[in-house]
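The next block holds one structure in the form of structure tokens; read it before the comments.
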Amino acid sequence: MIRISDVRLGSDVEDSVLRVLRSGRLSQGPVVAALEEEFARLAGTRHAVAVNNGTTALIAALRGIGIGPGDEVVVPDFTFVATSNAVLATGADVRLVDVRADDFCVDPEAVAAAMGPRTAAVMPVHLFGQPADLDALLPVVRDRVPIVEDAAQAHGAIWRGWPVGSLGRAGCFSFYATKNLVAGEGGIVTTDDADLADHLRVLRNQGMRERYEYDVVGENYRMTDLVAAVLLPQLARYDEQVARRREHASRLTAGLHGLPGLVLPAATPGREHVWHQYTVRLVGDIDRDTVAKRLGEVGVGSGVYYPRPLHEYACYREHPRVRADPTPGASEAAATCLSLPVHAGLTTDDVDRVVAALTSIIGAG
Ligand SMILES: *Cc1c(COP(=O)(O)O)cnc(C)c1O
């Protein structure tokens, strides 16, 4: 079976974890600090604050910039649910807006139309590893409200020379077990704002600056040194891993080009994709779920990210603090998307098998 995601960590990770285990210092310490320094380099920011997962990173960033009850935050309707859950966790309202079916990212025109007096932040999601359309988004948003980037799937992606995580007031990343950098659970917030970084460090640690000196009402958002030890060696060879994902993506595109009813992911100028997912759309006669099933039968894994836009779930549609604009792009994306294996653990033969399987399924109708 060629799997849609695959975690293979090397002996460098084993050694790094063992060193922490033997040090006897398991909680947040020097390895977390080292990770923060390295990650800030990847994101091109002055500061990075590690936390216990990506959802926490979003909640902390939103709280850190003062988002709370009475505020409205603009979120794409087509994303992983954590983006919306994080806003609701702060007490603020969610405004769901449309995405574009070509890049699966938030539609800047929909954002412009949704912004009003209560809009307190906009959260573009760099979905599948591709930066959102910041050319159009920044002029609409930047001088009015802060941008909090959901970069959970896009470590190292670049927009016009600027890494994601450095484009808004804060960038939020996840190290969940299926992301491009993995630790099972983990997250990090990046920012150039020294006051925000300082506030996040205090908020993360029960509101303490010094032991038992409570500055603010805080939380326990801390990452452990064990988690940081899993991540640090991966960061050192992350460029190589992304290069492999890019090779696989090019090979998929070359092999699948021209198949009827198949829309390949767009390579958008100015945006460097890190291929967390290689996501096609099936718009012809053959339906997406049938294709996924047939791929599975011949040993090719695939994934539907995501099967429905958020507003279609009753718990969001009926939520008193969620308001959804019309989102035909999100519905279209959800009905037609299919992610194919693209991860760094694949061989060239694996990629060719994916191409051959999909070609034969679509050819057979
Ligand atoms: C994974 C993910 C998150 C949440 O990260 P966790 O570490 O799982 O909490 C948030 N947003 C998006 C788009 C994600 O893919």
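Whatever order the structure lists them in is the order used to number ligands and atoms, beginning at 1.
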Enumerate the pairs of nitrogen or oxygen atoms, one from ligand 1 and one from the protein, separated by less than 3.5 angstrom; state names and distance to 0.1 Å.
| unit_1 | atom_1 | unit_2 | atom_2 | d |
| --- | --- | --- | --- | --- |
| ligand 1 | 5 (O) | Ser174 | OG | 3.3 |
| ligand 1 | 7 (O) | Gly54 | N | 2.8 |
| ligand 1 | 7 (O) | Ser174 | OG | 2.6 |
| ligand 1 | 9 (O) | Gly54 | N | 3.4 |
| ligand 1 | 9 (O) | Thr55 | N | 2.8 |
| ligand 1 | 9 (O) | Thr55 | OG1 | 2.5 |
| ligand 1 | 11 (N) | Asp150 | OD1 | 3.2 |
| ligand 1 | 11 (N) | Asp150 | OD2 | 2.7 |
| ligand 1 | 15 (O) | Gln153 | NE2 | 2.8 |
| ligand 1 | 15 (O) | Lys179 | NZ | 2.6 |

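Every residue was checked against the ring pair (Phe, Tyr, Trp, His ring centres under 6.0 Å) condition with Trp159, not counting sequence neighbours, and none meets it. Under the ring pair (Phe, Tyr, Trp, His ring centres under 6.0 Å) criterion, His273 pairs with Trp275, sequence neighbours left out. For Tyr221, there are no ring pair (Phe, Tyr, Trp, His ring centres under 6.0 Å) partners two or more places apart in sequence or in a different chain.
With 3.5 Å as the limit, one finds a donor-acceptor pair spanning the side chains of Asp77 and His311. Residues His126 and Glu149 bring a donor and an acceptor atom of their side chains to less than 3.5 Å of each other.
A salt bridge links Arg41 with Glu38: the distance from a Lys NZ or Arg NE/NH1/NH2 to an Asp or Glu carboxylate oxygen falls below 4.0 Å.
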